[in-house]
Protein chains: 2
Amino acid sequence: MDEASFLEGYDPRKYPAVAVTVDVVALTIRDGRLCVLLVERGAQPFAGRRALPGGFVREETLDQAALRELAEETGLTPGGSSAEEDTAGGHEAGSELDRVHLEQLGTYGDPGRDPRMRVVSVAYLAFAPSLPEPTAGSDAARAYWVPVDEAKDLAFDHDQVLADGLERARAKLEYTPLATAFTGPEFTIGELRQVYTAVWGEELHAGNFHRKVLSVPGFVESTGETTARGGERGGPKPKLYRAGDARLLHPALLRPTREDRVR
Amino acid sequence: MDEASFLEGYDPRKYPAVAVTVDVVALTIRDGRLCVLLVERGAQPFAGRRALPGGFVREETLDQAALRELAEETGLTPGGSSAEEDTAGGHEAGSELDRVHLEQLGTYGDPGRDPRMRVVSVAYLAFAPSLPEPTAGSDAARAYWVPVDEAKDLAFDHDQVLADGLERARAKLEYTPLATAFTGPEFTIGELRQVYTAVWGEELHAGNFHRKVLSVPGFVESTGETTARGGERGGPKPKLYRAGDARLLHPALLRPTREDRVR
DNA sequence: TCGAGTAATACTCGGAGTGAGAAAAACTCG
DNA sequence: CGAGTTTTTCTCACTCCGAGTATTACTCGA
C-alpha cells in the first residue's frame, strides 16, 4: 500500500464504508460425489437462497477467519493450524478440522455484488475428508452438503466463486498431492482414484492410474498393510498407503481430454 | 457472504474501520533483466523505503483500481480493458497499457501489516512489454523499474507479495502463453526465449526451445516475415511470429531442474 | 460350494515428448 | 575475409503415456 503525496494525512475512515468478509468453498466427497457446503439464507437480500458460508472478518488473520467460519458452520471445533497435518498413528486429541486443507482462492469486490453496501469478500477453498452432516452446532443448523452439480442459483456472485473454486481444485489435483486431503490417513489406490474421478467427473484407467501414482516420488508411501476385506463387490484385499512428503507431483497426473484448451 | 442469525441487522460500519487497497506487482523486462515497478515512500510508516505501487479502492471494481494505480504510477493512460488485447495490424490509438496483462494475485490482510490501522490489500500481477521509464506523469515521479533481485527490504509485507508474484509468474510461463505479454506484437523465437530466460533465471537449450514452441498448437503463428537485420552479434535473419490464440500451452514448457520439488 | 463378476496389480506395445548434442546455414563485426 | 554468433533442423536414447491384456484374489448369490 502506498499513499500518494496528495493522500498524506488522509483518513481512510472518511471513505464510504467497506466491509471485508470471507467466504468458504468447502469441498468434500460423499458417496463418490463431490459436494460443497452451503447455507440457507434467512435474511434479505437473497432470503431463502443458498449461499457459501462466510462472515465478517474480525481481529484475526484472513486464514483464521476462514477457518473460524468453517468451524462455525460445520459445528466442528478447530484444533490446530490451518495447514493440513498428519497425525500418523493413533488418533490424537486433534479435531477433524486439523486435517482440512485451506487455501485462499481469490477476492471478489465488484461494487453492487451486495446490494446493501460495498463488500469485499476474500474467498477460501477448503478440502476435507468426508465430514459428518453438520447438524450438531447451534449455528450450523442451516448448513448442509450439496453435490456440486446441484449447487446452482446461489446468492450474490457465489455461482462464480464456486466455479472458480472447482476449477482450482481440478487443476491442483494434477500437480499436487491434494487428493490425499480428501481421504482418511490411510487409503488404497482405488480410493485415491475415486477422489480423482469424483473431482474431475471422468473415469480413469485403473492400471495406468496405479502405475502413475506409484511412480511419482513422495506421492504415497506404503504402510505394508492391506485392508481387512476385499471390495464390497469382490476383488483382492488392496494395499494401504499414506500420504508421502511430496509437495508437488512430478511427473504430474494430467487430466484426459484436453482438446478444449485452446480458446 | 452470510449473516448468521445473531448478525441480523448488524451494521458492519460499527466494526473497527478496515481499509481496502490494491497493490500492483508490475513486471517487465529491460535489458534482458526482469524488473518490478517500485515507488519511494515519502511518508510514515516506512518513509524512505521502497514499496509496491498501490492505493485505496474507490467506487470501481478491484481490477479497475489496479489498472488505475498502474496508470497513475507509470504516467501512461489506460486505453481499453484490463485484459490484454491484440490490435493485429496497424497501431491503433490504444495506449501502451492496452497490452498489459493484469490478474489478481492474492489478498494480504494480517492485522498489523500496516501499523496505522487494519488494511486489507488485494495484490495484482501485471505483465508488460518494455515500458518507458515513468518520469512523465506528475504522480509518477517517484516510480522506477528495479531488477527483481535488487528489490529487497520493501515496506509492509511487500517482500512476500513480490515473492508470491514472481513464483506465480514463473509458474504461468510454463502452461500459458503469458510470455508473449512481455514482447512486442511481433517477436522472434529468440526474443521469446529471452523472456523465459529472464523470468526463470536459467539458460535454455535454444534448439529444444525452438522445437517446443513451434510444436505447441496456438502458441505462436508465423507472420511470414523476417527481421530486417540479423542479430547484433551475427546470425541469420530470424523469422517473425505473433501470439496465437491458445489460452493454455499443451504440451507445457516445464522448467528444468526440478529436484527441489519435494518438501 | 461353485461360478460369475469385480477389483487390484502387473504386464506389453506403440506413440509422443524430452534433453543433449551435432550440424548446416546465414549473418555480424573487425 | 575470417572468427564468432545465432537460427534452424536433425538425431538418438530415454521417459512417459494411453490402451489393451493377463493374472490373481476376492465377494456374493445361487
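Nothing here was measured: the structure is a model prediction, and the numbers come from that model. Order of the sequence lines fixes the chain letters, A, B, ..., with proteins taken first and strands second; residue numbering starts at 1 for each chain.
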Measure CG/A/L204 against C1'/D/dC17 and give the value in whole Å, please.
13 Å
Does A/R193 place a side-chain N or O at less than 4.0 Å from the phosphate oxygens OP1/OP2 of C/dA8?
yes
Rounded to whole Å, NE2 of A/H205 lies from P of C/dC13 at a distance of 16 Å
Touch class at under 4.0 angstrom, heavy-atom based, for A/H210 against every strand present
sugar-phosphate
Just how far, in rounded Å, is C1' of D/dC10 from CZ of B/F209?
19 Å
Between A/E167 and A/K172, is there a side-chain N and carboxylate O pair less than 4.0 Å apart?
no
To the nearest Å, give me how far apart NZ (B/K212) and P (C/dA16) are.
17 Å
Mapping B/R211 and A/L240 to their closest nucleotides on DNA chain C, which lands nearer the 5' end?
A/L240
For residues 207-226 of chain A, which residue pairs pass the ring-ring contact (aromatic ring centres under 6.0 Å, His included) check, not counting sequence neighbours?
A/Y196-A/F209
Round to the nearest Å and state the distance from B/L192 atom CG to D/dT6 atom P.
17 Å
Which of the following nucleotides, C/dT18, C/dT12, D/dG20, is nearest to the side chain of B/P251?
C/dT18
Please check this pair: side chain of B/T188 against backbone of B/P238, looking for a donor-acceptor N/O pair closer than 3.5 Å.
no
State, yes or no, whether a side-chain contact exists between B/D23 and B/V122 at a heavy-atom distance under 4.5 Å.
no
Note: A/R33-A/E150 ion pair, threshold 4.0 Å (strictly below)
yes
Are the ring centres of A/F182 and A/F127 closer than 6.0 Å?
yes
Could you state the atom-to-atom distance from NE2 of B/H250 to P of C/dA16 in whole Å?
12 Å
Hey, can you pull the residues of residues 227-239 of chain B with a non-hydrogen atom under 4.0 angstrom from DNA chain D?
B/R233, B/G234, B/G235, B/P236, B/P238, B/K239
Euclidean distance, B/R50 CZ relative to B/L37 CG, rounded to 0.5 Å:
12.0 Å
Spacing of A/R255 atom CZ relative to D/dG18 atom C1', expressed in whole Å
18 Å
From the set D/dA19, C/dA8, D/dC17, return the single nucleotide nearest to any side-chain atom of A/N208.
D/dA19
Please report the distance, rounded to the nearest Å, between CG in B/L249 and P in C/dA16.
20 Å
